[in-house]
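The first residue in the sequence is number 1, and the count goes up from there.
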Amino acid sequence: MAGGPGSYVFGEEEKKELMDVINAHALFRYGTPGVDGFQAKVATFEKEMAERLGHKHVFATSSGTGSLMCCLAALGIGMGDEVIVPGYTFIASISTIAMMNAVPVLAEIDESLTIDPTKIEALITPKTKAIMPVHMLGNPCDMDAIMAIANKHNLYVIEDCCQAVGASYKGKRVGTIGTMGAYSLNVFKTITTGDGGFVGTSDDDLYERGFGFHDQGHKPSRMGVEVGNRSIVGMNMRMNELSGAVAVAQGRKLDGILETLREKKALLKSQLQDIPGLGFRRINDPGECATLLTLLFDTQEMAAKFCEKAGTAPIARSGWHVYNNMEQILDKKTWTDAHPFHQCDRTYAKHMLPATDDILERAVNISIGVVDKGLGSGTGININSSEEEIMAVAKNIREIIASL
């Protein structure tokens, strides 16, 4: 099946949490604990995840996309503001900036497949308000370099942790290093509720504003009907108690999932280390999620030949994770006439990021825990694969490369 590691370990724990809610007949996230059977699963998840990751505050959302929008809204990013974001990321990182009437500024990646810090400063203008580093494929960005740039230029840092729930960088969980962190619980992510997400921050004011944006402007303290005293004009991006129940069980499995993935990735990678012409993407910290093993060939031709025999494709062909494939971003007609994109000198075009293009044409994803053709990782192993299966996959990869 396709999905992330959380979907492969879905079991009795999730069923138990779900049945608590179903038996209580209380599906809405708000209520009084202990009254009319209310279980407070969403609130429990928020509290436990904040403690697990090291945030002062966490609030759950209906999607990772919603989480990103809440961060942007909390920081007041809007009309004409520029946000620097890598050209290799899921489209939501870019489209949420556009939906807030801000301007995405696309940046190159390096061989870590995350934003290249050495290329950020040249993109900064007086309109730049934030950097959105994306911890792509579970690999933490080079946060020391990014934070140094942000501090120098007084910029916000919104960490897109949607593909990296639980990853860490130099002892800190991703999402706790920048100004705010956005996370996803989609079926293809580290842990899952099918769809869902959450936001983390340790800033009280940003928490209040972000929470309000996801809940029609309400203050975080409400557990029922509240009239007046709203802090922001908001939307409805709340999580319900059924999703919250699954989130509680999945969150408690997070560290075990990461430990298993790291062990299985290490075994597979150890069998491929000595192959001429083959390298791997750079891992910025061993605290990565290890959801994927990314092969990095010396040439685009070698990568293409490998993919043809392996029945997969280079990352450059992996759909809406690559700016070249985002037709609704590249086509100016798809932007509303009122959007500031039409009034600025920014353009988006295929092959505008040559370094990114070269890297992604040479890169091939092998699944460790995320099985997703949309990421170019429809081949490989999953979190439940045995040592025998891992060795068989390694043998197959070696044989394909040897035949090229």
Side-chain angles (χ1 to χ4, degrees), residues 4-6 40-61 64 66-68 70-72 74-75 114-115 130-148 150-151 155-186 189-193 196-211 214 220-221 239 244 247-262 283-291:
K41 296 296 186 183
V42 175
T44 298
F45 167 73
E46 291 169 336
K47 180 177 182 294
E48 292 185 0
M49 190 56 74
E51 294 172 351
R52 187 174 291 116
L53 298 186
H55 287 294
K56 184 177 180 181
H57 304 292
V58 158
F59 63 90
T61 66
S67 297
L68 287 165
C70 288
C71 292
L72 291 161
L75 294 168
T114 65
I115 193 167
I131 305 169
M132 185 184 287
V134 182
H135 304 297
M136 197 62 181
L137 309 180
N139 186 18
C141 297
D142 183 354
M143 290 305 296
D144 281 351
I146 292 166
M147 292 306 297
N151 292 333
L155 302 175
Y156 298 122
V157 174
I158 302 169
E159 292 185 69
D160 183 337
C161 311
C162 289
Q163 294 190 8
V165 177
S168 60
Y169 175 83
K170 297 190 176 180
K172 290 185 176 182
R173 301 275 197 166
V174 297
T176 67
I177 303 164
T179 317
M180 300 182 80
Y183 305 80
S184 174
L185 298 172
N186 175 266
K189 303 307 191 290
T190 317
I191 56 175
T192 184
T193 57
F198 60 99
V199 172
T201 183
S202 291
D203 184 290
D204 294 344
D205 291 337
L206 293 178
Y207 171 53
E208 181 176 308
R209 287 178 59 81
F211 188 100
H214 110 292
S221 57
M239 179 180 283
V248 167
Q250 288 267 301
R252 292 170 182 170
K253 294 179 178 181
L254 176 60
D255 288 333
I257 287 172
L258 294 173
E259 182 179 357
T260 300
L261 291 174
R262 289 164 185 158
I283 299 301
N284 290 321
D285 192 281
E288 63 139 342
C289 287
T291 42

- prompt: Parallel, tilted or perpendicular for Phe45 and Phe198, by the 30°/60° rule?
  reply: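 Judged by the thresholds at 30° and 60°, the geometry between Phe45 and Phe198 is perpendicular.
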query: Under a 4.0 Å N-O cut-off, is there an ion pair linking Lys170 with Asp144?
result: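 Yes, this pair counts.
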field: Salt-bridge present (Asp203, Lys56; N to O < 4.0 Å)
entry: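 Salt bridge: no.
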Return the [atom1] to [atom2] distance between [X] and [Y], rounded to the nearest 0.5 Å.
X: Thr61; Y: Met239; atom1: OG1; atom2: CE; result: 6.0 Å
X: Tyr183; Y: Leu53; atom1: OH; atom2: CG; result: 5.0 Å
X: Leu75; Y: Asp205; atom1: CG; atom2: CG; result: 11.5 Å
X: Cys162; Y: Met136; atom1: SG; atom2: CE; result: 10.0 Å
X: Met49; Y: Arg252; atom1: CE; atom2: CZ; result: 10.5 Å
X: Ser67; Y: Met180; atom1: OG; atom2: CE; result: 9.5 Å

If you define the side chain from C-beta out and look only at heavy atoms, does anything of [X] sit under 4.5 Å from [Y]?
X: Leu68; Y: Asp160; answer: yes
X: Ile191; Y: Lys253; answer: no
X: Met143; Y: Pro133; answer: yes
X: Val157; Y: Ile177; answer: no
X: Ser202; Y: His57; answer: no
X: Val134; Y: Thr114; answer: no
X: Thr179; Y: Ile158; answer: no
X: Val58; Y: Val199; answer: no

Spell out, as yes or no, whether a donor-acceptor pair under 3.5 Å connects the side chain of [X] to the backbone of [Y].
X: Asn139; Y: Asn284; result: yes
X: His214; Y: Ala60; result: yes
X: Arg262; Y: Glu288; result: yes
X: Thr192; Y: Asn186; result: yes
X: Glu159; Y: Cys161; result: no
X: Thr176; Y: Lys172; result: no

- request: Test side-chain contact (heavy atoms from CB on, under 4.5 Å) on Leu258 and Cys289 and set out the steps.
  value: CA-CA 6 Å; Leu258 294 173; Cys289 287; 3.9 Å; yes
- request: Please say whether more than 12 non-hydrogen atoms of neighbouring residues, nucleotides or ligands are located less than 6.0 Å from OH in Tyr156.
  value: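 Open.
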field: Donor on one side chain, acceptor on other, His135 and Gln163, under 3.5 Å
entry: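 No donor-acceptor contact under 3.5 Å links the two side chains.
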field: Worked verdict on Arg173 versus Asp255 for salt bridge (charged side-chain N to carboxylate O under 4.0 Å, His left out)
entry: CA-CA 12 Å; Arg173 301 275 197 166; Asp255 288 333; 3.0 Å; yes
